[in-house]
Amino acid sequence: MKEIAKRFLEENHTAPWIEDPSAEALVDYVYNGGIWDKDARAKYPALQAKQPNAWSMEDVFAYLTFIVLRERTCDGCIDKHIADGTVSALLNRYLELEEEIV
């Protein structure tokens with residue numbers, strides 16, 4: 001995940017996300033990398049209310065899961081969250097938390 005996050009943050013992004021290799025890699029990791037949070041939908045209101053520096057690793061994973069699962073019923077959700085900086089904020093926080101673990 002660390003390399004996926006770094007790559008995403010280093011690149012410029014294009015919509016739709018499915019044509020953006022670093023965004024596609026991130027979405028694939030959310031689905032298949034073991035971070036999927038089955039309770040993300042219920043957690044979302046509290047996550048959205050928090051400041052990025054208050055997100056825990058669990059929060060980051062839940063928020064990423066929420067964005068990806070919303071795409072299933074709300075086409076463009078991933079692109080919106082990329083464009084408004086939410087995905088970058090989540091990945092920056094993820095990398096900060098990873099540094100604390102090491």
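- With a 4.5 Å cut-off on side-chain heavy atoms, M1 and L64 count as touching.
- To the nearest 0.5 angstrom, F61 atom CZ is 6.5 Å from Y29 atom OH.
- For residues 88-97, every residue pair satisfying the salt bridge (Lys or Arg N to Asp or Glu O under 4.0 Å) rule, not counting sequence neighbours, is listed here: R93-E96.
- Residues N12 and T14 have side chains that never bring a donor and an acceptor to within less than 3.5 angstrom of each other.
- The minimum heavy-atom distance linking H13 with F8 is given by the pair NE2-O, 2.8 Å.
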- Task: Starting from the C-alpha separation in whole Å, work towards a yes-or-no answer on side-chain contact (heavy atoms from CB on, under 4.5 Å) for D37 and Y63.
- Result: CA-CA 9 Å; D37 185 330; Y63 209 142; over 6 Å; no

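- R70 pairs by the salt bridge (Lys or Arg N to Asp or Glu O under 4.0 Å) definition with nothing, not counting sequence neighbours.
- Between the CG atom of L91 and the NZ atom of K2 there is a distance of 13.5 Å, given to the nearest 0.5 Å.
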Throw together a table of side-chain donor-acceptor distances under 3.5 angstrom for residues 74-82, partners on residues two or more places apart or in other chains.
from : atom 1 : to  : atom 2 : distance (Å)
D79  : OD1    : W17 : N      : 2.7
K80  : NZ     : D84 : OD2    : 3.2
H81  : ND1    : C77 : O      : 2.9

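- Not counting sequence neighbours, E24 has no partner by the salt bridge (Lys or Arg N to Asp or Glu O under 4.0 Å) test.
- Side chains of L9 and S88 form a contact here, defined as non-hydrogen atoms less than 4.5 Å apart.
- Contact record, A62 with A40: O-CB, 3.3 Å, taken as the closest heavy-atom pair.
- With sequence neighbours excluded, the residues that form a ring pair (Phe, Tyr, Trp, His ring centres under 6.0 Å) with F66 are Y44.
- One distance of note links CG of N53 with CG of N92; it measures 12.0 Å at 0.5 Å rounding.
- Although no hydrogens or angles enter the test, the distance criterion places no donor-acceptor pair under 3.5 Å between the side chain of W55 and the main chain of L90.
- Applying the side-chain contact (heavy atoms from CB on, under 4.5 Å) test to D28 and every residue at least two apart in sequence or in another chain returns N32.
- Taken from CE in M57 to CD1 in I35, the straight-line distance is 9.5 Å, to the nearest 0.5 Å.
- When all heavy atoms are compared, the tightest approach of L26 to V87 is CD2-CG1, 3.6 Å.
- Under the rule for a side-chain contact (heavy atoms from CB on, under 4.5 Å), the partners of S56 that lie at least two apart in sequence or sit in another chain are E58, D59.
- For R7, the salt bridge (Lys or Arg N to Asp or Glu O under 4.0 Å) test picks out E11, with sequence neighbours left out.
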